[in-house]
Amino acid sequence: METFPKIISVDDHTVEPPHVWRDRLPSKYADTGPRVVRAPLKDMTFLGGKFAPVMGAKGDDGPIGDWWVYEDLHRPLTRLDTAVGYDRDEIKLEVITYEQMRPGSFSVPDRLADMDVNHVQSALCFPTFPRFCGQTFTEAKDRELGLLGVRAYNDWMVEEWCGPEARGRLVPLTLIPLWDAELAAAEVRRNAARGVRAVAFSEIPPHLGLPSIHADDWDPFLAACDETGTVIAMHIGSSSRMPSTSADAPPAVGSTITFANCCFSMVDWLMSGKFERFPNLKIMYAEGQIGWIPYILERADVVWEENRAWGGVAEKVHRPPSELFAEHVYGCFFDDAFGLKNLDAIGVGNVLYETDYPHSDSTWPRSREVGEEQMGHLAPDVVDRIVRGNAIELLGLTEDGLWAGA
């Protein structure tokens, strides 16, 4: 391509600096709230989709890393959290310190510089320590502290990560207290009042011990999103369970089928009736890729047409699922040549581009080149919509692709 549009990435990640909760929580939580401790690694496995690290005691043998400690949780920073800049064969499951990661992972000026290198104008960033929809706070014992933790993260995200230093190039994505839909609705509205247009949510809430979206439990939260134009963003792994086939399956198995949870989740939403009850709802699937979508839409339409009488959806889903998808659902990809070859079966208006910085799957610093290679057969106006236009419209950005704040 002679020119390639400046990228608006709808799925990047921030590695939270150590001060995020330390500076924002009441002093009485200094010993129980999220904090960073440097300690050795005793053991760490990642099998069957389950990540199991064990922190050693001071003075123990083992590699040293920085650990987030919160109540009884010990979660290390790993090379997989921030792998950009390393050769693929050097990216291993190992603990690291802040000094061993690329500064753009946690520093706004360095992030903007790395975005410039990668032809990226703006980026929406998911969390690291809270995990992809804030389930870390949902799993904690102290609900009061958990709510304060969610709000502290959101304040940092809006005021600091996406603050004046970012010059509108970092787009806020906030969290909710998943354990209480009324509190979640209040947090959506609090952040919408300061210009936030995206909130993280779980792809499959029952995996977190929460109600499914088929029930009415989530309606206060959904109503708040519907009323404020807040997009529900679901990242792979936001149900704390990555797809796998067996307890001893290597991570490569799960990495190949990461889209599976997105697939299951999208069918849930299409058959839930929620899009008809909340007509302004928009949802997006970060890092789910798009090549699987055409078949699922075809199959969902067949099931709705032929089996809805006994399938439990006749009274709540009154239109073909593919029509609901076209109006409400967005697939996100960073490397999916097959999906782009079948774009007509997905919909030009339902696809968003991402770079996944700084994760091991990231196409940084070649996101432009990957896009040029895979979108070369598409018309320039179509490329522009995928790379930036759809994101501008969905996230309420300025014409220049920047977040304007409150």
Side-chain angles (χ1 to χ4, degrees), residues 21 29 32-34 45-54 68-75 126-154 173-188 199-225 230 232-247 249 254 257-274 278 281 283 285-288 312:
W21 290 274
Y29 293 118
T32 53
T45 60
F46 190 9
L47 291 172
K50 295 183 178 180
F51 177 49
V54 180
W68 279 102
V69 178
Y70 172 40
E71 291 188 341
D72 297 329
L73 173 67
H74 299 147
R75 198 280 192 194
F126 283 82
T128 297
F129 166 71
R131 309 218 299 285
F132 296 143
C133 67
Q135 59 264 55
T136 293
F137 297 109
T138 300
E139 295 167 359
K141 300 182 183 71
D142 189 332
R143 290 293 196 221
E144 179 183 358
L145 174 56
L147 180 58
L148 290 173
V150 167
R151 290 175 174 168
Y153 177 86
N154 291 342
L173 172 71
T174 52
L175 306 177
I176 55 169
L178 290 161
W179 60 89
D180 188 312
E182 294 286 355
L183 289 175
E187 191 63 13
V188 167
V199 63
F201 189 63
S202 175
E203 57 200 354
I204 308 177
H207 286 346
L208 304 179
L210 300 170
S212 80
I213 54 118
H214 298 288
D216 295 334
D217 304 67
W218 293 108
D219 284 3
F221 163 66
L222 300 182
C225 294
T230 300
I232 297 175
M234 293 170 282
H235 194 284
I236 59 167
S238 57
S239 56
S240 295
R241 188 184 303 179
M242 293 298 288
S244 191
T245 55
S246 63
I257 57 174
T258 51
F259 70 91
N261 281 355
C262 299
C263 175
F264 299 158
S265 174
M266 191 179 81
V267 176
D268 254 351
W269 280 90
L270 293 176
M271 298 298 187
S272 71
K274 299 301 183 184
F278 303 101
L281 271 185
I283 68 174
Y285 288 101
E287 207 173 324

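Residue indices begin at 1 and follow the sequence shown. What you see below is based on every heavy atom in this structure, not just the backbone, and it leaves out hydrogens, waters and symmetry mates. From a predicted model like this one, the values you see are computed outputs, not experimental measurements.
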>> Within the structure provided, determine whether Leu175 and Asn154 are in side-chain contact (heavy-atom separation under 4.5 Å).
In response: yes

> Taking all atoms of both residues into account, what is the closest heavy-atom pair of Leu173 and Ala233, and its distance?
Replying inline: CD1-CB, 3.9 Å

> Taking the side chain as C-beta and beyond, is there a heavy-atom pair between Asn261 and Ser239 under 4.5 Å?
Replying inline: yes

> With Phe129, which residues qualify under ring-ring contact (aromatic ring centres under 6.0 Å, His included), at least two apart?
Replying inline: Trp21, Trp68

> So which pairs with a foot in residues 128-139 pass salt bridge (charged side-chain N to carboxylate O under 4.0 Å, His left out), sequence neighbours left out?
Replying inline: Arg131-Glu139

Please set out all donor-acceptor pairs under 3.5 angstrom arising from side-chain atoms of residues 215-224, sequence neighbours excluded.
{"unit_1": "Asp216", "atom_1": "OD1", "unit_2": "Arg277", "atom_2": "NH1", "d": "3.3"}
{"unit_1": "Trp218", "atom_1": "NE1", "unit_2": "Pro211", "atom_2": "O", "d": "2.7"}
{"unit_1": "Asp219", "atom_1": "OD1", "unit_2": "Lys274", "atom_2": "NZ", "d": "2.9"}
{"unit_1": "Asp219", "atom_1": "OD2", "unit_2": "Arg277", "atom_2": "NH1", "d": "2.7"}
{"unit_1": "Asp219", "atom_1": "OD2", "unit_2": "Arg277", "atom_2": "NH2", "d": "2.8"}

>> Applying side-chain contact (heavy atoms from CB on, under 4.5 Å), can you list everything that pairs with Thr128, at least two apart in sequence or on another chain?
In response: Val15, Glu16, Arg75, Asp81

> Is a donor on one side and an acceptor on the other found under 3.5 Å between the side chain of Thr136 and the backbone of Pro130?
Replying inline: yes

> Does the side chain of Leu73 come within less than 4.5 Å of Glu71's, by heavy atoms?
Replying inline: no

> SG/Cys225 to CZ/Phe201 distance, rounded to the nearest 0.5 angstrom?
Replying inline: 8.5 Å

>> Is there a side-chain contact between Thr32 and Asp142 in this structure, where contact means two heavy atoms from C-beta onward sitting under 4.5 Å apart?
In response: no

> For Thr174, what residues pass the side-chain hydrogen bond (donor to acceptor under 3.5 Å, both in side chains) criterion, not counting sequence neighbours?
Replying inline: none

>> Applying side-chain contact (heavy atoms from CB on, under 4.5 Å), can you list everything that pairs with Arg151, at least two apart in sequence or on another chain?
In response: Leu147, Glu187, Arg190

>> Taking side-chain hydrogen bond (donor to acceptor under 3.5 Å, both in side chains) as the definition, give me every residue that meets it alongside Glu287, ordered by chain and number, with sequence neighbours left out.
In response: His235

>> Once side-chain hydrogen bond (donor to acceptor under 3.5 Å, both in side chains) is applied, do any residues pair with Thr230, and if so which ones, sequence neighbours excluded?
In response: Thr228

> Roughly how far, to the nearest 0.5 Å, is OH of Tyr70 from CZ of Phe137?
Replying inline: 5.5 Å

> From Leu178 CG over to Cys133 SG, what is the distance, rounded to the nearest 0.5 angstrom?
Replying inline: 5.0 Å

> Which pair of heavy atoms, one from Phe132 and one from Ala200, lies closest together, and at what distance?
Replying inline: O-CB, 3.4 Å

Can you give each donor-acceptor pair under 3.5 Å made by side-chain atoms of residues 262-270, sequence neighbours left out, with the distance rounded to 0.1 Å?
{"unit_1": "Ser265", "atom_1": "OG", "unit_2": "Glu203", "atom_2": "O", "d": "2.9"}
{"unit_1": "Ser265", "atom_1": "OG", "unit_2": "Tyr285", "atom_2": "OH", "d": "2.8"}
{"unit_1": "Asp268", "atom_1": "OD1", "unit_2": "His214", "atom_2": "NE2", "d": "2.5"}

